[in-house]
Amino acid sequence: MPSPSPPPPPVLPISEHEDVIVAAVDANPVVVVIGETGSGKSTQLSQILHRRGYTRRGAIAVTQPRRVAAVSVSRRVAQELGVPLGDEVGYAIRFEDRTSERTCIKYLTDGVLLRESLSNPELRQYSVIILDEAHERSLNTDILLGLMKRLIKDRASDLKVLITSATLDGLKVSKFFSGCPVLNIPGTLFPVEKFYSTERPTNYIESSLRTAIDIHAKEPPGDVLIFMTGKDDIDKMVSKLEERIQNLEEGSCIDALVLPLHGSLPPELQVRVFAPAPPNCRRFIVATNVAETSLTVDGVVFVIDCGYVKQRQYNPSSGMYSLDVVQISRVQADQRAGRAGRTRPGKCYRLYPISIYQNEFLEATVPEIQRSSLAGSVLYLKSLNLPDINILKFDFLDPPSRESLEDALRQLYLIDAIDENGEITDVGRVMAELPLEPSLSRTLIEANELGCLSQALTVASILSAEITLRSASKDMDGKRKRQELPDGSGWGDHIQLLQIFESWDQSGYDPRWCSDHDLQVRSMKLSKDVRNQLCQIIKKIAKGSTDVHARKSRKSDPDYRKLRRALCVGYGNQLAERMLHHNGYHTVGYRSQLVQVHPSSVLEGDEYGKFPMYVIYHELICTTRPYMRNICAVEQAWVEPILKKLEKLDVNKLSGGSSAPKDSELLVENKQVNSLKKDMDVKQSEVDSKIQAARERYLARKGKK
DNA sequence: GAGCACTGC
C-alpha cells in the first residue's frame, strides 16, 4: 500500500554540513560548493536555504544545463517537501512553466534565467541564485557567471549566489569572485580502480573489443559502459562485439546483451538501456558522450574509455565550424570513470597510458564559449544595457579570444543589430527578444516589413530545430521507399524547408506524414513548438498574419522573392559570391573563404548548370572540404547594400575603441582570395566537364517535365 | 556526392 506521507529526506553528505554552508552563505555574497555525484547538492542546497529563511524576501533559483534535469530534480524536491509540483516548488523550461505566485524554490534551465534577466536585469524576484553543474561550462552558464559577478556588486547586500559543481576548479572560481569561500562536500561514489594501457592503441575499436571480451570472461557480473566517439564507431563495435561473444565457448560465460546508445537513436531504442538487465546477463552499452553526463545508466560497474570525444568547434577567422575527434580532458576522463562507481566499487580501463593522462590531456575541456560563434551572446549582452560595458573587456571566467568577439561584432553590424560605433540598434533590441540565432531573428524583422512574416516564421522554426533530411535515392532497393519531398522550386534549401513544413501543416500535422517522408517526428514537433513560441513573441509587432498558410503569399509571389529578400538581409553576414567560371563560391566578408555548395543542397543551376551569382548560407561546415549548408539564391541588387556596409566596416569603432586605421587586413585577404581564385581556375577543364554534366542533367529533367 | 558529439532560449 502506498504510504500517504512523503518519503523522509535521505541522509545525504550535504545535510551534515548544513551549519557550515549556512554560515558561509550568511557571511558571503558568493560561495562555491564542490560536491561530487551523490552529495545531494542539487536537491538539498535549495531546501537548506529555504529552511533557514532565505525565501522570505525572494525565491531561490537553481539553474540546470538541461531541461530533463530541471524537471526531475524539482519533482524530487517537491516530493521531499511533500508539496504538489508547481506550488512552492516548481520548474521553468522552454515551452513549459510550472511555477506559481507561491513558488519559492524554482528550478530552471540557465537559458531560461538568461531570458528572465532580459526583462528584469537585476533579477529582483530572487534572493538566492544557485548555478548548478557549473563545471559543465555551458555557454549560458559562463555568461551567467559574468553577469552574477556584476550583479553582486549592484545588489551588494541582498543577493546570494552559489556556484556548485562536481569537479570545477574551485580556486579559480574563488579568485574570479574575489576570494569567496570554497566548500567541499564529499560524494557517495564508490572507489573506481583505474587501469591504463602501456601505449595508445593504433585501433581503439579493436582494443576496446579485446578489453570488453576480457572483462566478460574474467570479471564477476556487472554491466560494461564503453565510450566511443560517434555513431559509426558504435555500430561497428556493436556488431563486432556480438560476433565475438557468439564465438566464445558455450557455457564459459554468462549471457550478454549489447546495446548502442547515442543521441540520434530513436527514443524507443534509447530507453532500452534503462530497462534492468535480464537475470544472469551482462549488458554492454556502447555509447557516445550522452552517457557521460546527460544519461545515467544503472548497473554499470566497468567502464572502457577510448580517451577521445567528438567536438564541434568554431573558427572565428573563417566563420567555419568543424566536427573534430579530440582528446578528452582529465575532468572528462574522471567523469567517465565515475560512471563505474555509482552502485558499488568499479573498474575503469583507460585505453591510453597514464603519462598521456597526466601530460597530454588538458585539465578541463575547453569551455563552449571558446568554441562557438558569439554573435548571439554578444547581442544578448548588448541588449542588457549594462552601464559602462565594453564587450571586449567583459569579465568572463575564461574570456573568449579577441578575434572571436570581433567576429561577433562584425556579424552583428552587417545585419544592423549594432551601428558603426558598436551601439545596439532598435532592430538589435527586437532581435535579442527572439530565441533564435541572430541571422534568423533579423530575417523575421525584415520579413515583417516586406509582408512575408508567416513564411519567415516557418523557415526560422524549422532551421532552429535542425531538421535533417536523409537522401531519398539511396533506399530505393527493398523496403518502403520514402515519399518525395518538395524541392524548394530550385531556389534552395530554405524554400524547401518552408515547403516541407507547409505540406506537414496541410496533412493536419499527421505524425505518419513525417515517417512517410523519413522525417523525425520529434524534431518536426519541436519546430512546431518553436513556431508557436515565436508567434507569441512577435505578435506585438506583427504587421501581417502569422498563420502557416497566410492566404495570399504563394499566389502573389510564386518565386518567393519577398522571403528570399528578407533572408538576404538576415544573412547579410553569411553571403557568398560565385566564381566567374565555375560553381565554386567565395564568402563575402571580412575574410573570404573558398567554399562549395553542399551536395545535399536542392539549389538548382540555370540552363547552363551554373548556380546563382549570389547565395546566402545558414552554416559553413568543414568536413572533407569547406561546404555551405542550407543555401538560398538571392539577387545581386539585394546584395549591394551589404557590400556598401562592408566597405565602411571598421572593427575598432565597433568595439568601442577610438577611431583607428581601417581594416587593412581586408585588402590583403582579398588579394589572397584572388590568387586562390586563379588557382582554382587552373582546374577549369575539370570543372567545365562537371558543369557540362550538370547541364545534361538539367536538360534531362526539363525534357521529362 | 556526403556522413551528423551534445545541449539550449
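Here is the naming used below: chain letters follow the sequence lines, and residue numbers restart at 1 for every chain.
Contact annotation for Val309(A): no contact, since no heavy-atom pair falls under 4.0 Å across all strands. Contacts of Thr624(A) with the nucleic acid, taken as non-hydrogen atoms under 4.0 Å apart, involve only primed sugar atoms and P, OP1 or OP2. Note on Ser600(A): nothing from the nucleic acid sits closer than 4.0 angstrom, heavy atoms only. In this structure, Leu323(A) reaches the bases: a heavy-atom distance under 4.0 Å links it to at least one base atom across the strands shown. If you check every strand for non-hydrogen atoms under 4.0 Å, Ser138(A) touches nothing.
For the side-chain contact (heavy atoms from CB on, under 4.5 Å) test, residues two or more places apart in sequence or in another chain that qualify with Glu437(A) are Leu440(A), His618(A). Remark: Pro599(A) pairs with Tyr627(A) by the side-chain contact (heavy atoms from CB on, under 4.5 Å) rule, at least two apart or across chains. Checked against salt bridge (Lys or Arg N to Asp or Glu O under 4.0 Å), Lys106(A) has the following partners two or more places apart in sequence or in another chain: Glu116(A). A search for ring-ring contact (aromatic ring centres under 6.0 Å, His included) contacts involving Tyr380(A) returns nothing, not counting sequence neighbours. By the ring-ring contact (aromatic ring centres under 6.0 Å, His included) test, His262(A) pairs with no residue at all, sequence neighbours left out.
Closest to the side chain of Thr109(A), out of dA5(B), dA2(B), dC9(B), is dC9(B). Considering only side-chain atoms of Arg629(A), the nucleotide from dC6(B), dA2(B), dC4(B) that sits closest is dC4(B). Relative to the side chain of Glu466(A), the nucleotides dT7(B), dC9(B), dA5(B) differ in distance, and dT7(B) lies closest.
The cationic atom of Arg350(A) (NZ for Lys, CZ for Arg) lies less than 6.0 Å from the six-membered ring centre of Tyr357(A) and within 45° of the ring axis.
Taken residue by residue, residues 65-75 of chain A places heavy atoms nearer than 4.0 Å to DNA chain B at Pro65(A), Arg66(A), Arg67(A).
As rounded to whole Å, 9 Å separates atom P of dG1(B) from atom CZ of Arg625(A).
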